[in-house]
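The next block holds one structure in the form of structure tokens; read it before the comments.
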Amino acid sequence: MAYAQLADMVRAFGEAELVTATTQEGWDRAAMDQSMINDALTVASDEMDDYLRRRYAVPVSNPSRKMVDVCCVLARWVLFRKPHLSPSDAMRADRKDAIAWLTGVNSGTITLDGLVPLNTGRDFSRVATRPPGFSGGFL
């Protein structure tokens, strides 16, 4: 399940940019490739799940507006990572901000309203931070 839809991408970046991002090199820029955009949204959602699953059950059923925006930013990055295209500095900054937000969710400094976090008990914290039990070699 993708956290954003085609309409969210059009709202965020405009149809002209999506036509540019989904047109093969040397082809006329007539229309956006919706399947390519949907694939990018799936990749972006999977990346988000990698960060979210440490704290929440994924996929999140009712994504917040922030989650939709982050998904769009990550999908845009996927679309522009091609040999004939290159992400702009603004796209790089947006992706960096999106990853920072996801890292905050992963670490617990940012919470998702309305969702019950998983793995927040004391036992989990001790397991996650305890030193290795064996550090020596064989004699």
For atom NZ of K82, decide whether the heavy atoms of other residues, nucleotides or ligands shown that lie under 6.0 angstrom number more than 12.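 Counting neighbours around NZ of K82, more than 12 heavy atoms of other residues, nucleotides or ligands fall under 6.0 Å, so yes.
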
Heavy atoms, side chains only, cut-off 4.5 Å: are [X] and [Y] in contact?
{"X": "R65", "Y": "D8", "value": "yes"}
{"X": "M91", "Y": "S86", "value": "no"}
{"X": "L102", "Y": "N106", "value": "no"}

Between [X] (side chain only) and [Y] (backbone N and O only), is there a donor and an acceptor less than 3.5 Å apart?
{"X": "T109", "Y": "G104", "answer": "yes"}
{"X": "D97", "Y": "D94", "answer": "no"}
{"X": "K66", "Y": "L112", "answer": "no"}
{"X": "R55", "Y": "S107", "answer": "yes"}
{"X": "Y3", "Y": "V60", "answer": "yes"}

Considering non-hydrogen atoms only, spot the tightest contact between [X] and [Y] and give its length.
{"X": "R92", "Y": "P87", "value": "NH2-O, 3.4 Å"}
{"X": "C72", "Y": "A4", "value": "SG-CB, 3.8 Å"}
{"X": "A75", "Y": "A44", "value": "N-CB, 3.5 Å"}
{"X": "T23", "Y": "A31", "value": "OG1-O, 4.3 Å"}
{"X": "S61", "Y": "P63", "value": "O-CD, 3.4 Å"}

Do [X] and [Y] belong to the same hydrophobic cluster, where Ile, Leu, Val, Met, Phe, Trp and Tyr are linked whenever their side-chain heavy atoms lie under 4.5 Å apart, directly or via other members?
{"X": "V78", "Y": "V73", "value": "no"}
{"X": "M32", "Y": "L41", "value": "yes"}
{"X": "V43", "Y": "W77", "value": "no"}
{"X": "L74", "Y": "I110", "value": "yes"}

Let me see the working for V58 and Y51 under side chain to side chain contact (heavy atoms under 4.5 Å, CB included), right down to the final yes or no. CA-CA 10 Å; V58 293; Y51 286 91; over 6 Å; no

Between M67 and W101, does the side chain to side chain contact (heavy atoms under 4.5 Å, CB included) criterion hold? Intermediate values first, please. CA-CA 10 Å; M67 287 181 65; W101 183 81; 3.7 Å; yes

To the closest 0.5 Å, what do you measure between [atom1] ([X]) and [atom2] ([Y])?
{"X": "E17", "Y": "R76", "atom1": "CD", "atom2": "CZ", "result": "4.0 Å"}
{"X": "D39", "Y": "Q34", "atom1": "CG", "atom2": "CD", "result": "12.0 Å"}
{"X": "L79", "Y": "T20", "atom1": "CG", "atom2": "OG1", "result": "11.0 Å"}
{"X": "M36", "Y": "L18", "atom1": "CE", "atom2": "CG", "result": "11.5 Å"}

Do the side chains of D69 and R11 get close enough for a salt bridge, i.e. N-O under 4.0 angstrom?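 Result for this pair is yes, salt bridge flagged.
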
Evaluate side chain to side chain contact (heavy atoms under 4.5 Å, CB included) for E47 paired with I99, printing each intermediate quantity in order. CA-CA 10 Å; E47 183 175 2; I99 296 297; 3.4 Å; yes

